[in-house]
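Everything on this sheet refers to the single structure shown next.
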2 protein chains.
Amino acid sequence: MASCLDDDHVGRLEAVVSHWRMVHRGERLFRAGDHFRSLYALRSGSVKTVTSDTCGGEHVTGFFMAGETLGLGAISTDAYDCDAIALEDSSVCVIPFGPMEALCRELKPLQHQFHRLLSTEIVRESRQMTLLSGMSAERRVAAFLVDLSRRLQQRGYSPRSLTLRMTREEIGNYLGIKLETVSRAFSRFQREGLLHVDGKHVELFDVEALALV
Amino acid sequence: MASCLDDDHVGRLEAVVSHWRMVHRGERLFRAGDHFRSLYALRSGSVKTVTSDTCGGEHVTGFFMAGETLGLGAISTDAYDCDAIALEDSSVCVIPFGPMEALCRELKPLQHQFHRLLSTEIVRESRQMTLLSGMSAERRVAAFLVDLSRRLQQRGYSPRSLTLRMTREEIGNYLGIKLETVSRAFSRFQREGLLHVDGKHVELFDVEALALV
DNA sequence: CGAAGCTTTGATTTGCCTCAAGTGGGGTGG
DNA sequence: CCACCCCACTTGAGGCAAATCAAAGCTTCG
(Lines give C-alpha, C1' and ligand atoms only; values in the text may rest on other atoms or scores of the structure.)
Protein backbone atom coordinates (compact mmCIF):
# COMPACT_ATOMS: atom_id res chain seq x y z
CA MET A 1 0.00 0.00 0.00
CA ALA A 2 2.82 2.37 0.91
CA SER A 3 4.46 1.99 -2.50
CA CYS A 4 2.13 4.61 -3.96
CA LEU A 5 3.22 7.34 -1.55
CA ASP A 6 6.18 9.68 -1.44
CA ASP A 7 8.37 9.93 1.68
CA ASP A 8 6.42 12.71 3.42
CA HIS A 9 3.21 10.78 3.22
CA VAL A 10 4.62 7.40 4.15
CA GLY A 11 5.10 8.84 7.62
CA ARG A 12 1.40 9.69 7.84
CA LEU A 13 0.51 6.12 6.90
CA GLU A 14 2.99 4.68 9.38
CA ALA A 15 1.37 6.75 12.12
CA VAL A 16 -1.92 4.98 11.37
CA VAL A 17 -0.40 1.53 10.88
CA SER A 18 1.99 1.46 13.80
CA HIS A 19 0.94 -1.63 15.73
CA TRP A 20 1.50 -5.22 14.92
CA ARG A 21 0.63 -8.53 16.45
CA MET A 22 1.75 -12.16 16.54
CA VAL A 23 -0.68 -14.97 15.73
CA HIS A 24 0.45 -18.48 16.61
CA ARG A 25 -0.28 -21.54 14.52
CA GLY A 26 -3.93 -22.53 14.92
CA GLU A 27 -4.80 -19.26 16.65
CA ARG A 28 -7.55 -17.04 15.29
CA LEU A 29 -6.72 -13.50 14.18
CA PHE A 30 -10.44 -12.72 14.19
CA ARG A 31 -13.71 -14.64 14.21
CA ALA A 32 -16.86 -14.39 12.13
CA GLY A 33 -19.20 -11.94 13.86
CA ASP A 34 -16.46 -10.06 15.76
CA HIS A 35 -16.92 -6.31 15.65
CA PHE A 36 -14.90 -4.82 12.82
CA ARG A 37 -12.23 -2.32 13.81
CA SER A 38 -9.17 -3.15 11.73
CA LEU A 39 -7.87 -4.63 8.56
CA TYR A 40 -4.76 -6.78 8.88
CA ALA A 41 -1.76 -6.83 6.56
CA LEU A 42 0.10 -10.11 6.82
CA ARG A 43 3.81 -9.40 7.46
CA SER A 44 5.04 -12.98 7.75
CA GLY A 45 3.58 -16.47 7.89
CA SER A 46 0.30 -17.60 6.37
CA VAL A 47 -3.37 -17.59 7.25
CA LYS A 48 -6.53 -19.30 6.03
CA THR A 49 -10.04 -17.84 6.14
CA VAL A 50 -12.94 -20.14 6.96
CA THR A 51 -16.71 -19.72 7.02
CA SER A 52 -18.86 -22.16 8.96
CA ASP A 53 -22.21 -22.76 7.30
CA THR A 54 -25.41 -23.28 9.26
CA CYS A 55 -25.12 -27.06 9.69
CA GLY A 56 -21.60 -27.33 11.11
CA GLY A 57 -19.75 -27.70 7.81
CA GLU A 58 -16.69 -25.53 7.26
CA HIS A 59 -15.50 -23.92 4.06
CA VAL A 60 -12.03 -22.53 3.40
CA THR A 61 -12.49 -19.31 1.42
CA GLY A 62 -8.87 -18.28 1.03
CA PHE A 63 -5.19 -18.75 1.80
CA PHE A 64 -3.14 -15.63 2.51
CA MET A 65 0.61 -15.15 2.41
CA ALA A 66 2.91 -12.31 3.51
CA GLY A 67 1.97 -9.00 1.87
CA GLU A 68 -1.74 -9.78 1.53
CA THR A 69 -4.59 -8.09 3.37
CA LEU A 70 -7.27 -9.69 5.54
CA GLY A 71 -10.68 -8.48 6.67
CA LEU A 72 -11.96 -6.69 3.56
CA GLY A 73 -15.32 -8.45 3.79
CA ALA A 74 -15.97 -6.93 7.21
CA ILE A 75 -16.39 -3.36 5.97
CA SER A 76 -19.85 -4.09 4.58
CA THR A 77 -21.48 -5.07 7.88
CA ASP A 78 -19.08 -3.82 10.58
CA ALA A 79 -18.47 -7.48 11.45
CA TYR A 80 -16.02 -10.05 10.10
CA ASP A 81 -17.68 -12.55 7.81
CA CYS A 82 -15.22 -15.41 8.42
CA ASP A 83 -12.65 -16.78 10.84
CA ALA A 84 -8.98 -16.10 10.05
CA ILE A 85 -6.74 -18.89 11.35
CA ALA A 86 -2.93 -18.89 11.26
CA LEU A 87 -1.45 -21.88 9.38
CA GLU A 88 1.93 -21.21 11.02
CA ASP A 89 3.25 -18.65 13.51
CA SER A 90 2.60 -15.34 11.76
CA SER A 91 2.69 -11.59 12.32
CA VAL A 92 0.28 -8.94 11.08
CA CYS A 93 0.14 -5.16 10.85
CA VAL A 94 -3.01 -3.81 12.47
CA ILE A 95 -4.72 -1.21 10.24
CA PRO A 96 -7.41 0.65 12.24
CA PHE A 97 -10.08 1.25 9.63
CA GLY A 98 -11.47 4.60 10.78
CA PRO A 99 -8.11 6.41 10.69
CA MET A 100 -7.27 4.59 7.46
CA GLU A 101 -10.42 5.94 5.79
CA ALA A 102 -9.62 9.41 7.11
CA LEU A 103 -6.15 9.28 5.62
CA CYS A 104 -7.60 8.08 2.30
CA ARG A 105 -9.67 11.26 2.22
CA GLU A 106 -6.47 13.26 2.43
CA LEU A 107 -4.11 11.30 0.24
CA LYS A 108 -5.44 10.64 -3.24
CA PRO A 109 -2.80 8.03 -4.17
CA LEU A 110 -3.51 6.09 -1.00
CA GLN A 111 -7.23 6.24 -1.66
CA HIS A 112 -6.78 4.93 -5.17
CA GLN A 113 -4.43 2.17 -4.03
CA PHE A 114 -6.99 1.09 -1.45
CA HIS A 115 -9.74 0.97 -4.07
CA ARG A 116 -7.48 -1.16 -6.25
CA LEU A 117 -6.91 -3.50 -3.35
CA LEU A 118 -10.65 -4.02 -2.86
CA SER A 119 -11.21 -4.41 -6.57
CA THR A 120 -8.38 -6.93 -6.90
CA GLU A 121 -10.03 -9.06 -4.25
CA ILE A 122 -13.28 -8.95 -6.24
CA VAL A 123 -11.49 -10.09 -9.39
CA ARG A 124 -9.61 -12.83 -7.53
CA GLU A 125 -12.83 -14.26 -6.13
CA SER A 126 -14.51 -13.98 -9.48
CA ARG A 127 -11.74 -16.09 -11.02
CA GLN A 128 -12.03 -18.62 -8.22
CA MET A 129 -15.76 -18.90 -8.94
CA THR A 130 -15.01 -19.64 -12.58
CA LEU A 131 -12.55 -22.31 -11.49
CA LEU A 132 -15.04 -23.90 -9.09
CA SER A 133 -17.93 -23.93 -11.50
CA GLY A 134 -16.30 -25.07 -14.69
CA MET A 135 -13.13 -27.03 -14.13
CA SER A 136 -12.34 -30.69 -13.47
CA ALA A 137 -10.73 -31.73 -10.19
CA GLU A 138 -7.27 -31.97 -11.76
CA ARG A 139 -7.50 -28.52 -13.32
CA ARG A 140 -8.49 -27.07 -9.98
CA VAL A 141 -5.43 -28.54 -8.31
CA ALA A 142 -3.20 -27.40 -11.18
CA ALA A 143 -4.63 -23.87 -11.05
CA PHE A 144 -4.16 -23.82 -7.29
CA LEU A 145 -0.45 -24.64 -7.66
CA VAL A 146 0.03 -22.15 -10.50
CA ASP A 147 -1.64 -19.44 -8.43
CA LEU A 148 0.60 -20.16 -5.43
CA SER A 149 3.64 -20.15 -7.69
CA ARG A 150 2.68 -16.81 -9.21
CA ARG A 151 2.09 -15.20 -5.83
CA LEU A 152 5.42 -16.47 -4.50
CA GLN A 153 7.19 -15.07 -7.55
CA GLN A 154 5.50 -11.68 -7.09
CA ARG A 155 6.95 -11.56 -3.59
CA GLY A 156 10.45 -12.46 -4.71
CA TYR A 157 10.51 -16.14 -3.83
CA SER A 158 11.21 -19.03 -6.17
CA PRO A 159 8.13 -19.87 -8.24
CA ARG A 160 9.25 -23.51 -8.61
CA SER A 161 9.78 -24.64 -5.06
CA LEU A 162 6.88 -24.40 -2.63
CA THR A 163 6.13 -25.53 0.88
CA LEU A 164 2.43 -26.09 1.44
CA ARG A 165 1.36 -24.70 4.78
CA MET A 166 -2.06 -26.32 4.61
CA THR A 167 -3.25 -29.95 4.64
CA ARG A 168 -4.67 -31.87 1.66
CA GLU A 169 -8.04 -31.60 3.35
CA GLU A 170 -7.83 -27.80 3.49
CA ILE A 171 -6.77 -27.64 -0.16
CA GLY A 172 -9.64 -29.93 -1.13
CA ASN A 173 -12.12 -27.94 0.90
CA TYR A 174 -10.92 -24.71 -0.75
CA LEU A 175 -11.19 -26.27 -4.23
CA GLY A 176 -14.51 -28.01 -3.67
CA ILE A 177 -13.09 -31.54 -3.94
CA LYS A 178 -12.15 -34.27 -1.45
CA LEU A 179 -8.68 -34.74 0.03
CA GLU A 180 -8.22 -38.11 -1.69
CA THR A 181 -8.84 -36.42 -5.02
CA VAL A 182 -6.22 -33.77 -4.25
CA SER A 183 -3.74 -36.50 -3.37
CA ARG A 184 -4.50 -38.42 -6.57
CA ALA A 185 -4.03 -35.27 -8.67
CA PHE A 186 -0.62 -34.67 -7.08
CA SER A 187 0.37 -38.28 -7.74
CA ARG A 188 -0.78 -38.08 -11.33
CA PHE A 189 1.09 -34.82 -12.02
CA GLN A 190 4.19 -36.43 -10.54
CA ARG A 191 3.77 -39.54 -12.72
CA GLU A 192 3.50 -37.22 -15.74
CA GLY A 193 6.75 -35.47 -14.78
CA LEU A 194 5.15 -32.07 -14.12
CA LEU A 195 6.29 -31.87 -10.51
CA HIS A 196 7.75 -33.73 -7.56
CA VAL A 197 5.80 -34.07 -4.31
CA ASP A 198 7.28 -34.94 -0.97
CA GLY A 199 4.71 -34.38 1.74
CA LYS A 200 4.34 -30.65 2.18
CA HIS A 201 7.12 -29.80 -0.23
CA VAL A 202 6.35 -29.46 -3.95
CA GLU A 203 8.87 -28.86 -6.72
CA LEU A 204 7.28 -27.57 -9.93
CA PHE A 205 9.14 -28.67 -13.06
CA ASP A 206 6.85 -27.10 -15.64
CA VAL A 207 4.53 -24.30 -14.50
CA GLU A 208 3.40 -23.52 -18.06
CA ALA A 209 2.30 -27.10 -18.75
CA LEU A 210 0.52 -27.15 -15.39
CA ALA A 211 -1.40 -24.02 -16.34
CA LEU A 212 -2.65 -25.82 -19.45
CA VAL A 213 -3.73 -29.08 -17.76
CA MET B 1 -25.52 5.31 -2.58
CA ALA B 2 -27.30 8.62 -2.18
CA SER B 3 -29.22 7.41 0.86
CA CYS B 4 -26.27 8.20 3.11
CA LEU B 5 -26.18 11.89 2.18
CA ASP B 6 -28.18 14.90 3.30
CA ASP B 7 -29.90 17.19 0.77
CA ASP B 8 -27.00 19.59 0.25
CA HIS B 9 -24.65 16.80 -0.68
CA VAL B 10 -27.04 14.83 -2.86
CA GLY B 11 -26.74 17.68 -5.32
CA ARG B 12 -22.98 17.23 -5.46
CA LEU B 13 -23.41 13.53 -6.21
CA GLU B 14 -26.04 14.21 -8.84
CA ALA B 15 -23.63 16.57 -10.58
CA VAL B 16 -21.20 13.66 -10.92
CA VAL B 17 -23.81 11.05 -11.81
CA SER B 18 -25.87 13.03 -14.29
CA HIS B 19 -25.77 10.89 -17.41
CA TRP B 20 -27.56 7.71 -18.14
CA ARG B 21 -27.74 5.29 -21.01
CA MET B 22 -30.01 2.65 -22.53
CA VAL B 23 -28.75 -0.88 -23.18
CA HIS B 24 -30.93 -3.06 -25.38
CA ARG B 25 -31.43 -6.78 -24.84
CA GLY B 26 -28.31 -8.67 -25.89
CA GLU B 27 -26.25 -5.48 -26.17
CA ARG B 28 -23.00 -5.12 -24.22
CA LEU B 29 -22.68 -2.35 -21.65
CA PHE B 30 -18.91 -2.95 -21.62
CA ARG B 31 -16.51 -5.65 -22.74
CA ALA B 32 -13.60 -7.36 -20.99
CA GLY B 33 -10.47 -5.35 -21.73
CA ASP B 34 -12.27 -2.05 -22.42
CA HIS B 35 -10.57 0.90 -20.77
CA PHE B 36 -12.18 1.63 -17.42
CA ARG B 37 -13.77 5.04 -17.02
CA SER B 38 -17.07 4.51 -15.27
CA LEU B 39 -19.04 2.35 -12.92
CA TYR B 40 -22.64 1.74 -13.87
CA ALA B 41 -25.64 1.71 -11.55
CA LEU B 42 -28.48 -0.31 -13.03
CA ARG B 43 -31.68 1.79 -13.02
CA SER B 44 -34.01 -0.69 -14.67
CA GLY B 45 -33.82 -4.03 -16.40
CA SER B 46 -31.23 -6.74 -15.76
CA VAL B 47 -27.72 -7.59 -16.86
CA LYS B 48 -25.42 -10.61 -16.72
CA THR B 49 -21.64 -10.51 -16.50
CA VAL B 50 -19.62 -13.08 -18.43
CA THR B 51 -15.95 -13.97 -18.61
CA SER B 52 -14.60 -15.93 -21.55
CA ASP B 53 -11.77 -18.26 -20.57
CA THR B 54 -8.79 -18.95 -22.80
CA CYS B 55 -10.30 -21.86 -24.74
CA GLY B 56 -13.57 -20.30 -25.87
CA GLY B 57 -15.72 -21.38 -22.92
CA GLU B 58 -17.90 -18.74 -21.26
CA HIS B 59 -18.70 -18.36 -17.61
CA VAL B 60 -21.55 -16.29 -16.16
CA THR B 61 -20.16 -14.58 -13.04
CA GLY B 62 -23.25 -12.65 -11.97
CA PHE B 63 -26.81 -11.49 -12.57
CA PHE B 64 -27.63 -7.87 -11.72
CA MET B 65 -30.99 -6.24 -11.12
CA ALA B 66 -32.11 -2.62 -10.74
CA GLY B 67 -30.23 -0.85 -7.94
CA GLU B 68 -27.04 -2.90 -8.26
CA THR B 69 -23.66 -1.65 -9.45
CA LEU B 70 -21.51 -2.99 -12.30
CA GLY B 71 -17.82 -2.64 -13.08
CA LEU B 72 -16.26 -2.88 -9.61
CA GLY B 73 -13.67 -5.39 -10.83
CA ALA B 74 -12.30 -2.88 -13.32
CA ILE B 75 -10.82 -0.54 -10.72
CA SER B 76 -7.92 -2.91 -10.06
CA THR B 77 -6.47 -2.89 -13.58
CA ASP B 78 -8.10 0.10 -15.29
CA ALA B 79 -9.83 -2.38 -17.58
CA TYR B 80 -13.11 -4.28 -17.25
CA ASP B 81 -12.56 -7.92 -16.38
CA CYS B 82 -15.76 -9.25 -17.93
CA ASP B 83 -18.48 -8.51 -20.49
CA ALA B 84 -21.75 -7.04 -19.21
CA ILE B 85 -24.70 -8.08 -21.38
CA ALA B 86 -28.28 -6.85 -20.99
CA LEU B 87 -30.81 -9.64 -20.43
CA GLU B 88 -33.63 -7.26 -21.36
CA ASP B 89 -33.84 -3.60 -22.40
CA SER B 90 -32.23 -1.77 -19.50
CA SER B 91 -31.02 1.64 -18.41
CA VAL B 92 -27.95 2.55 -16.37
CA CYS B 93 -26.56 5.59 -14.57
CA VAL B 94 -23.03 6.34 -15.70
CA ILE B 95 -20.71 7.02 -12.75
CA PRO B 96 -17.41 8.51 -13.96
CA PHE B 97 -14.90 7.01 -11.58
CA GLY B 98 -12.38 9.85 -11.28
CA PRO B 99 -14.94 12.47 -10.19
CA MET B 100 -16.58 9.86 -7.97
CA GLU B 101 -13.30 9.22 -6.14
CA ALA B 102 -12.77 12.97 -5.79
CA LEU B 103 -16.19 13.39 -4.22
CA CYS B 104 -15.48 10.49 -1.86
CA ARG B 105 -12.48 12.42 -0.60
CA GLU B 106 -14.78 15.28 0.31
CA LEU B 107 -17.84 13.51 1.64
CA LYS B 108 -17.07 11.03 4.38
CA PRO B 109 -20.50 9.33 4.33
CA LEU B 110 -20.25 8.80 0.59
CA GLN B 111 -16.75 7.39 0.95
CA HIS B 112 -17.88 4.95 3.60
CA GLN B 113 -20.92 3.92 1.59
CA PHE B 114 -18.70 3.22 -1.40
CA HIS B 115 -16.37 1.08 0.69
CA ARG B 116 -19.37 -0.86 1.94
CA LEU B 117 -20.46 -1.40 -1.65
CA LEU B 118 -17.10 -2.90 -2.59
CA SER B 119 -16.99 -5.00 0.56
CA THR B 120 -20.51 -6.29 0.01
CA GLU B 121 -19.49 -7.52 -3.42
CA ILE B 122 -16.54 -9.37 -1.83
CA VAL B 123 -18.85 -11.05 0.68
CA ARG B 124 -21.39 -11.93 -2.01
CA GLU B 125 -18.74 -13.64 -4.13
CA SER B 126 -17.32 -15.37 -1.11
CA ARG B 127 -20.75 -16.86 -0.39
CA GLN B 128 -21.10 -17.91 -4.01
CA MET B 129 -17.75 -19.71 -3.77
CA THR B 130 -18.98 -21.62 -0.73
CA LEU B 131 -22.09 -22.57 -2.66
CA LEU B 132 -20.11 -23.73 -5.69
CA SER B 133 -17.59 -25.74 -3.77
CA GLY B 134 -19.71 -27.49 -1.20
CA MET B 135 -23.30 -27.85 -2.31
CA SER B 136 -25.23 -30.38 -4.38
CA ALA B 137 -26.85 -29.35 -7.65
CA GLU B 138 -30.28 -29.04 -6.04
CA ARG B 139 -29.03 -26.89 -3.18
CA ARG B 140 -27.37 -24.57 -5.68
CA VAL B 141 -30.62 -24.08 -7.55
CA ALA B 142 -32.52 -23.60 -4.29
CA ALA B 143 -29.98 -21.06 -3.04
CA PHE B 144 -30.14 -19.25 -6.38
CA LEU B 145 -33.92 -18.85 -6.09
CA VAL B 146 -33.73 -17.80 -2.43
CA ASP B 147 -31.09 -15.20 -3.29
CA LEU B 148 -33.22 -13.82 -6.12
CA SER B 149 -36.24 -13.72 -3.85
CA ARG B 150 -34.33 -11.86 -1.13
CA ARG B 151 -32.97 -9.29 -3.56
CA LEU B 152 -36.44 -8.67 -5.02
CA GLN B 153 -37.85 -8.19 -1.54
CA GLN B 154 -35.06 -5.71 -0.66
CA ARG B 155 -36.14 -3.65 -3.65
CA GLY B 156 -39.81 -3.69 -2.71
CA TYR B 157 -41.06 -6.40 -5.05
CA SER B 158 -42.85 -9.59 -4.11
CA PRO B 159 -40.40 -12.20 -2.86
CA ARG B 160 -42.70 -15.04 -3.95
CA SER B 161 -43.33 -14.32 -7.59
CA LEU B 162 -40.36 -14.06 -9.92
CA THR B 163 -39.78 -13.77 -13.64
CA LEU B 164 -36.47 -15.26 -14.69
CA ARG B 165 -34.75 -13.03 -17.23
CA MET B 166 -32.10 -15.63 -18.02
CA THR B 167 -32.22 -19.06 -19.68
CA ARG B 168 -31.75 -22.40 -17.91
CA GLU B 169 -28.38 -22.62 -19.59
CA GLU B 170 -27.26 -19.28 -18.11
CA ILE B 171 -28.47 -20.32 -14.66
CA GLY B 172 -26.62 -23.62 -14.98
CA ASN B 173 -23.46 -21.94 -16.19
CA TYR B 174 -23.63 -19.52 -13.24
CA LEU B 175 -24.15 -22.38 -10.78
CA GLY B 176 -21.61 -24.72 -12.30
CA ILE B 177 -24.15 -27.32 -13.42
CA LYS B 178 -25.81 -28.26 -16.72
CA LEU B 179 -29.09 -26.86 -17.97
CA GLU B 180 -30.75 -30.28 -17.76
CA THR B 181 -29.84 -30.47 -14.10
CA VAL B 182 -31.37 -27.03 -13.48
CA SER B 183 -34.54 -28.14 -15.21
CA ARG B 184 -34.70 -31.36 -13.17
CA ALA B 185 -34.22 -29.41 -9.93
CA PHE B 186 -37.13 -27.10 -10.83
CA SER B 187 -39.31 -30.09 -11.66
CA ARG B 188 -38.41 -31.84 -8.42
CA PHE B 189 -39.13 -28.74 -6.28
CA GLN B 190 -42.47 -28.43 -8.03
CA ARG B 191 -43.27 -32.12 -7.40
CA GLU B 192 -42.46 -31.53 -3.72
CA GLY B 193 -44.84 -28.56 -3.58
CA LEU B 194 -42.14 -25.96 -2.89
CA LEU B 195 -42.90 -23.88 -5.98
CA HIS B 196 -44.68 -23.69 -9.30
CA VAL B 197 -42.74 -23.28 -12.54
CA ASP B 198 -44.19 -22.09 -15.80
CA GLY B 199 -41.39 -21.35 -18.22
CA LYS B 200 -39.76 -18.13 -17.10
CA HIS B 201 -42.26 -17.52 -14.34
CA VAL B 202 -41.68 -19.06 -10.89
CA GLU B 203 -44.03 -18.88 -7.93
CA LEU B 204 -42.31 -19.69 -4.62
CA PHE B 205 -44.65 -21.30 -2.09
CA ASP B 206 -42.17 -21.85 0.71
CA VAL B 207 -38.96 -19.80 0.64
CA GLU B 208 -37.91 -21.02 4.11
CA ALA B 209 -38.13 -24.70 3.13
CA LEU B 210 -36.25 -23.92 -0.07
CA ALA B 211 -33.44 -22.34 1.95
CA LEU B 212 -33.11 -25.58 3.90
CA VAL B 213 -33.10 -27.99 0.90
C1' DC C 1 8.33 -45.14 21.72
C1' DG C 2 3.60 -44.93 21.10
C1' DA C 3 -0.43 -42.38 19.60
C1' DA C 4 -2.75 -39.34 16.68
C1' DG C 5 -3.12 -37.25 12.54
C1' DC C 6 -1.87 -36.82 7.68
C1' DT C 7 -1.21 -39.00 3.25
C1' DT C 8 -1.43 -42.43 -0.31
C1' DT C 9 -3.62 -45.98 -2.83
C1' DG C 10 -7.28 -49.35 -4.06
C1' DA C 11 -12.30 -50.89 -4.62
C1' DT C 12 -16.93 -49.61 -4.99
C1' DT C 13 -20.83 -46.41 -5.36
C1' DT C 14 -23.27 -42.43 -6.94
C1' DG C 15 -24.66 -37.84 -8.60
C1' DC C 16 -24.30 -35.36 -12.37
C1' DC C 17 -23.12 -35.20 -17.26
C1' DT C 18 -23.92 -36.71 -21.87
C1' DC C 19 -26.68 -38.10 -25.40
C1' DA C 20 -31.13 -38.43 -27.29
C1' DA C 21 -35.95 -37.64 -28.21
C1' DG C 22 -39.96 -35.05 -27.89
C1' DT C 23 -42.86 -30.70 -26.43
C1' DG C 24 -44.22 -25.98 -26.54
C1' DG C 25 -44.11 -21.00 -27.43
C1' DG C 26 -42.84 -16.90 -30.01
C1' DG C 27 -41.48 -14.71 -34.01
C1' DT C 28 -41.37 -14.51 -39.08
C1' DG C 29 -42.66 -14.79 -43.65
C1' DG C 30 -45.93 -16.37 -46.90
C1' DC D 1 -53.86 -14.78 -40.18
C1' DC D 2 -51.77 -18.99 -40.13
C1' DA D 3 -48.04 -22.37 -40.83
C1' DC D 4 -43.58 -23.10 -40.09
C1' DC D 5 -39.25 -23.01 -37.81
C1' DC D 6 -36.18 -22.14 -34.28
C1' DC D 7 -35.02 -22.03 -29.74
C1' DA D 8 -35.71 -23.03 -25.01
C1' DC D 9 -37.23 -26.41 -22.18
C1' DT D 10 -38.43 -31.13 -20.27
C1' DT D 11 -37.67 -35.91 -19.57
C1' DG D 12 -35.42 -40.48 -19.97
C1' DA D 13 -31.36 -43.80 -20.36
C1' DG D 14 -26.69 -44.86 -19.80
C1' DG D 15 -21.78 -43.60 -18.69
C1' DC D 16 -18.12 -41.44 -16.18
C1' DA D 17 -15.59 -38.54 -12.86
C1' DA D 18 -15.34 -37.90 -8.30
C1' DA D 19 -17.19 -39.30 -3.76
C1' DT D 20 -17.22 -42.75 -0.43
C1' DC D 21 -15.44 -46.57 2.01
C1' DA D 22 -11.42 -49.02 3.48
C1' DA D 23 -6.71 -49.99 4.73
C1' DA D 24 -2.01 -49.37 5.22
C1' DG D 25 2.35 -46.33 5.34
C1' DC D 26 4.33 -42.19 7.02
C1' DT D 27 5.19 -37.88 10.19
C1' DT D 28 5.06 -35.46 14.05
C1' DC D 29 5.30 -34.78 18.68
C1' DG D 30 4.47 -35.45 23.41
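The chains referred to below are lettered A, B, ... by the order of the sequence lines, with proteins before strands, and numbering in each begins at 1. Since this is a predicted model, take the numbers as computed values, not measurements.
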Do any of residues 128-137 of chain A sit with a heavy atom less than 4.0 Å from DNA chain C, and if so which? none
Whole angstroms only, please: what is the [atom1]-[atom2] distance between [X] and [N]?
{"X": "B:Arg188", "N": "C:dG15", "atom1": "CZ", "atom2": "P", "result": "10 Å"}
{"X": "B:Leu179", "N": "C:dT23", "atom1": "CG", "atom2": "P", "result": "19 Å"}
{"X": "B:Asn173", "N": "D:dC9", "atom1": "CG", "atom2": "P", "result": "13 Å"}
{"X": "A:Glu180", "N": "D:dA18", "atom1": "CD", "atom2": "C1'", "result": "10 Å"}
{"X": "B:Lys178", "N": "D:dA17", "atom1": "NZ", "atom2": "C1'", "result": "14 Å"}
{"X": "A:Arg165", "N": "C:dC6", "atom1": "CZ", "atom2": "P", "result": "16 Å"}
{"X": "B:Ile171", "N": "D:dA8", "atom1": "CD1", "atom2": "C1'", "result": "12 Å"}
{"X": "B:Asp198", "N": "C:dT23", "atom1": "CG", "atom2": "C1'", "result": "14 Å"}

Using only side-chain N and O atoms of [X], determine if any of them is under 4.0 Å from OP1 or OP2 of [N].
{"X": "A:Ser187", "N": "C:dT9", "value": "yes"}
{"X": "A:Thr181", "N": "D:dA19", "value": "yes"}
{"X": "B:Arg168", "N": "D:dC9", "value": "yes"}
{"X": "B:Lys200", "N": "D:dA8", "value": "no"}

Looking only at N and O atoms, is any donor in the side chain of [X] or the base of [N] less than 3.5 Å from an acceptor on the other one?
{"X": "B:Arg184", "N": "D:dG12", "answer": "yes"}
{"X": "B:Glu169", "N": "D:dC7", "answer": "no"}
{"X": "B:Glu138", "N": "C:dC16", "answer": "no"}
{"X": "B:Arg191", "N": "D:dT11", "answer": "no"}

Work out how much the helix from C:dC1-D:dG30 to C:dG30-D:dC1 bends between its end axes, five pairs an end, to the nearest 10 degrees.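 Inter-axis angle at the termini of the helix from C:dC1-D:dG30 to C:dG30-D:dC1: 40°.
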Closest approach of [X] and [Y], non-hydrogen atoms and distance?
{"X": "B:Leu70", "Y": "B:Phe30", "value": "CB-CE2, 4.1 Å"}
{"X": "B:Tyr80", "Y": "B:His35", "value": "CE1-O, 3.5 Å"}
{"X": "B:Thr61", "Y": "B:Arg124", "value": "O-NH2, 4.1 Å"}
{"X": "B:Leu175", "Y": "B:Arg140", "value": "O-NH1, 2.8 Å"}

Selection from C:dT8, D:dC9, D:dA19 that lies nearest to any side-chain heavy atom of A:Ser183: C:dT8
Treating [X] as the side-chain partner and [Y] as the backbone partner, does any N or O pair qualify as donor plus acceptor under 3.5 Å?
{"X": "B:Asp89", "Y": "B:Arg25", "answer": "yes"}
{"X": "A:Arg160", "Y": "A:Phe205", "answer": "yes"}
{"X": "B:Ser133", "Y": "B:Met129", "answer": "yes"}

Distance in Å, B:His201 NE2 paired with B:Thr163 OG1, rounded so as to fall on 0.5 Å steps: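 The OG1 atom of B:Thr163 is 5.5 Å from NE2 of B:His201, to the nearest 0.5 Å.
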What's the separation between atom CZ in B:Arg150 and atom CG in B:Leu148, rounded to the nearest 0.5 Å?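 That separation rounds to 9.5 Å.
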